[in-house]
Amino acid sequence: MQASMYERLGAAAGIKAIVADVVEAHMNNPVIRARFLPYRDDPENLAAVSQQLCDFLCAGSGGPETYTGRDMVETHRGMNISAEEYMAETDDIMATLAAHGIDEATRNDVLAIAYGLKGEIMRV
Ligand code: HEM
């Protein structure tokens, strides 16, 4: 039997490290950095959002964690996120997964999920 996506991503510790690097990549990505740089000056809020992201990924990939944040439409409503921004976000995720040694099949599974969420996040 194949390992769950949670295990393939390195479980809670692996996912936490991935989220930290994805957030760092966003801070350096010219297409979306303006959306994330304000969190640099607000470490408490950054930690809270990062924790929500961890829980979202952990729970969504089959881990025992519970996601208590808002749903994707509610979270991103009014941000008017463009297709270019969505692609930039996805690029950061894919590059970070590769840097963490996540195998190609797992990366493609994550990509499929990210693509599937587009309608709930982009221009909502
Ligand atoms: C696969 C795509 C994405 C997923 C799975 C995702 C997931 C999430 C989650 C789980 C949260 C935390 C929700 C909460 O605290 O209740 C969040 C917050 C946020 N997301 Fe996304 N997101 C995605 C794409 C994007 C994109 C493309 C942008 C902008 C370029 C973006 C900007 C933000 C911002 C600014 C917040 C913080 C909101 C706040 O502080 O209230 N997200 N996202």
Side-chain angles (χ1 to χ4, degrees):
M1 213 183 84
Q2 201 189 24
S4 72
M5 183 185 277
Y6 180 72
E7 285 158 9
R8 288 184 280 143
L9 291 172
I15 290 171
K16 190 175 178 194
I18 288 167
V19 165
D21 284 354
V22 166
V23 170
E24 189 55 34
H26 290 351
M27 300 280 188
N28 293 307
N29 187 326
V31 179
I32 52 174
R33 63 187 307 180
R35 303 255 191 196
F36 294 95
L37 279 178
Y39 292 86
R40 270 254 157 91
D41 304 323
D42 190 356
E44 255 177 49
N45 198 12
L46 178 62
V49 173
S50 298
Q51 186 60 52
Q52 295 289 18
L53 282 169
C54 284
D55 290 344
F56 183 85
L57 280 172
C58 287
S61 62
E65 290 80 2
T66 310
Y67 175 64
T68 58
R70 298 159 294 165
D71 70 34
M72 291 301 97
V73 173
E74 207 187 315
T75 300
H76 301 93
R77 181 176 284 137
M79 287 190 200
N80 203 19
I81 294 168
S82 69
E84 190 194 10
E85 288 181 296
Y86 202 82
M87 183 67 87
E89 150 99 31
T90 310
D91 283 343
D92 285 347
I93 295 171
M94 299 314 289
T96 304
L97 292 177
H100 282 249
I102 305 300
D103 65 89
E104 191 182 358
T106 304
R107 297 201 306 270
N108 286 338
D109 289 344
V110 174
L111 182 59
I113 292 167
Y115 186 81
L117 287 171
K118 190 168 67 124
E120 294 174 43
I121 294 173
M122 222 176 76
R123 303 263 191 234
V124 286

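Start at 1 and go down the list; that is how both ligands and their atoms are numbered. Predicted, not measured: the structure shown is a model, and the values here were computed from it.
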List the atom pairs, with distances to 0.1 Å, where a side-chain N or O of residues 68-81 and a protein N or O form a donor-acceptor pair under 3.5 Å, not counting sequence neighbours.
unit_1: Asp71; atom_1: OD1; unit_2: Val73; atom_2: N; d: 3.2
unit_1: Asp71; atom_1: OD1; unit_2: Glu74; atom_2: N; d: 2.8
unit_1: Thr75; atom_1: OG1; unit_2: Arg70; atom_2: O; d: 3.4
unit_1: Thr75; atom_1: OG1; unit_2: Asp71; atom_2: O; d: 2.8
unit_1: His76; atom_1: ND1; unit_2: Met72; atom_2: O; d: 2.9
unit_1: Asn80; atom_1: OD1; unit_2: Arg123; atom_2: NH1; d: 3.1

Considering only the protein, which heavy-atom contact is closest to atom 38 (C) of ligand 1, and what is its distance? Tyr39 OH, 3.5 Å
Closest non-hydrogen protein atom to atom 5 (C) of ligand 1, residue and atom name please, with distance? Phe56 CE2, 3.6 Å
Between CG of Asp109 and CD of Glu104, what distance do you get to the nearest 0.5 Å? 11.0 Å
Check: Ala3 main-chain N/O paired with Arg8 side-chain donor or acceptor under 3.5 Å: yes
All heavy atoms of Val110 vs all of Met5, minimum pair found to be N-CE, 4.1 Å
Quick test: of every protein heavy atom, which one is nearest to atom 15 (O) of ligand 1, and how far off is it to 0.1 Å? Gln52 CG, 3.4 Å
Within less than 4.0 angstrom of ligand 1, does His26 place any heavy atom? no
Can you report which non-hydrogen protein atom sits closest to atom 1 (C) of ligand 1, along with the distance? Tyr86 OH, 3.4 Å
May I ask you to identify the nearest protein heavy atom to atom 36 (C) of ligand 1, giving residue, atom name and distance to one decimal place in Å? Met79 CE, 3.8 Å
With side-chain contact (heavy atoms from CB on, under 4.5 Å) as the criterion, how do Ile15 and Glu65 come out once you've worked through the C-alpha distance, each side chain's angles and the decisive distance to 0.1 Å? CA-CA 12 Å; Ile15 290 171; Glu65 290 80 2; over 6 Å; no
To check your reading of the model: name the closest protein heavy atom to atom 28 (C) of ligand 1, its residue, and the distance in Å. Ile81 CD1, 3.4 Å
Can Leu37 and Arg40 be said to form a side-chain contact (heavy atoms from CB on, under 4.5 Å), step by step? CA-CA 5 Å; Leu37 279 178; Arg40 270 254 157 91; 4.0 Å; yes
Residue, atom name and distance, where the atom is the protein heavy atom closest to atom 13 (C) of ligand 1: Tyr67 OH, 3.4 Å
Considering Met122, Arg70, Met87, which one's heavy-atom position lies nearest to atom 16 (O) of ligand 1? Arg70
Nearest heavy-atom approach of Ser50 to Val23 is OG-CG2, 4.2 Å
With atom 21 (Fe) of ligand 1 as the centre, enumerate protein N/O/S atoms below 2.8 Å in chain and residue order. His76 NE2
Between Val22, Leu111, Asp21, Val19, which is the residue that forms a side-chain contact (heavy atoms from CB on, under 4.5 Å) with Ile93? Val22
Evaluate side-chain contact (heavy atoms from CB on, under 4.5 Å) for Asp91 paired with Val31, printing each intermediate quantity in order. CA-CA 11 Å; Asp91 283 343; Val31 179; over 6 Å; no
For Gly69, the ligand 1 atoms with a heavy-atom partner under 4.0 Å come out as 16 (O)
Nearest protein heavy atom to atom 32 (C) of ligand 1, by residue and atom, and its distance? Phe36 CZ, 3.5 Å
Once the angle between the rings of Phe36 and His26 is folded into 0 to 90°, is it parallel (under 30°), tilted (30 to 60°) or perpendicular (over 60°)? tilted
Which atom of Leu9 lies closest to which atom of Leu97, heavy atoms considered: CD2-CD2, 4.0 Å
Can you name the atoms of ligand 1, numbered from 1 with element, that are less than 4.0 Å from a heavy atom of Val49? 40 (O)
Pairwise distance CE(Met94) to CG(Asn108) - rounded to 0.5 angstrom: 6.0 Å
